[in-house]
Amino acid sequence: MRTRHILVAAIIASTSMVACSNLQQGIRRETVGSVRARGNESFSRGDLDAALRAFREVAERHPESAQARYDIGRTLMAMNDPIGASEEFMIAHRRQPWVGEYTDGLAEALFVSDRKDVLFELLRREASQNEIARDYLRLGHYAARDGAMEEAIDAFESAAALAGPKDAAAHIELADLYRTLGQTNMEVKELRHVLYAEPGNQDAHARLRELNEVPGPSFAIEPDNG
């Protein structure tokens, strides 16, 4: 009888060990990609705590991942922690400075947390070093939000020059800025540049009509970005 009890106990222990081993193997089988997908799903349904846990797990398992740091940052932003978010975005940006999404996240976190000295040092340096329209657009956007209108205009004009006459983005920004400043003539001029780049831009047509202009076929003008 005692031998039978010992045998049964051994079988139970062995079964438990196998079950535990299988469970551990099941946990190990969850890939980094599936953990991130779980974080994204939690983020999309508003469960930010669960999202943060998942993204931090990705960062622990994949320490060199810039994407993981960005995911942590965007979650912290959603949790109203821009200072913590800026630290994560900064790591992502330093690892992959060419990814505009990471720079955008960092810029917004710095602006919201009122670290504008760091923000504008970053944006001016990147714009001057990279000489890319996107970087000047970003600088102009935040300069305008900060009330530095002259710097914003200069940045948008630099973006327009770099992008070329068939890119409307900087001219749209300038038209919006001049509307804010009440400079109707300059707003009209920029909207005419928009139509040169995008003849079918319905928003530009509507705005011009609001300003009592008739945007006919010859109304568009090529910008002089020289």
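Along the sequence shown, residues are numbered consecutively beginning with 1.
A salt bridge links Arg124 to Glu151: at least one charged side-chain nitrogen sits closer than 4.0 Å to a carboxylate oxygen. Using a cutoff of 4.0 Å between basic side-chain nitrogens and carboxylate oxygens, Arg207 and Asp176 are scored as salt-bridged. Salt-bridge formation is detected for the pair Arg61/Glu57: a Lys NZ or Arg NE/NH1/NH2 atom is positioned less than 4.0 Å from an Asp or Glu carboxylate oxygen.
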Side chain to side chain contact (heavy atoms under 4.5 Å, CB included) between Leu208 and Leu195, intermediate numbers included: CA-CA 10 Å; Leu208 285 163; Leu195 292 183; 3.6 Å; yes
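Remark: the backbone N or O of Ile221 is paired with a side-chain donor or acceptor of His193 at under 3.5 angstrom. In this structure, the side chain of Asp146 does not engage the main chain of Ala148 through any donor-acceptor pair within 3.5 Å. Using modelled atom types, one side-chain atom of Ser128 and one backbone atom of Arg125 make a donor-acceptor pair closer than 3.5 Å. Proximity of a side-chain donor or acceptor of Lys166 to a complementary backbone N or O of Tyr196 within less than 3.5 Å is detected. Side chain of Asn130 to main chain of Ile132: no donor-acceptor pair is present (N/O by atom type, distance under 3.5 Å, no hydrogens or angles).
With sequence neighbours excluded, the residues that form a salt bridge (Lys or Arg N to Asp or Glu O under 4.0 Å) with Glu210 are Arg179. Under the rule for a side-chain hydrogen bond (donor to acceptor under 3.5 Å, both in side chains), the partners of Arg38 that lie at least two apart in sequence or sit in another chain are Glu30. Annotation: ring pair (Phe, Tyr, Trp, His ring centres under 6.0 Å) contacts of His93 (sequence neighbours excluded): none. Applying the ring pair (Phe, Tyr, Trp, His ring centres under 6.0 Å) test to Phe111 and every residue at least two apart in sequence or in another chain returns Tyr142. Checked against ring pair (Phe, Tyr, Trp, His ring centres under 6.0 Å), Phe89 has the following partners two or more places apart in sequence or in another chain: Tyr70.
In this structure, a donor-acceptor pair under 3.5 Å is present between the side chains of His62 and Glu64.
Listed by first then second residue, pairs satisfying salt bridge (charged side-chain N to carboxylate O under 4.0 Å, His left out) with a partner in residues 82-101 read Arg69-Glu88, not counting sequence neighbours.
Minimum interatomic distance between Leu48 and Thr75 (heavy atoms only, all atoms of both residues): O-CG2, 3.6 Å. Here the shortest heavy-atom pairing between Ala144 and Ala152 reads N-CB, 3.7 Å. Annotation for Ala54 and Val35: closest pair O-CG1, 3.4 Å, computed over non-hydrogen atoms.
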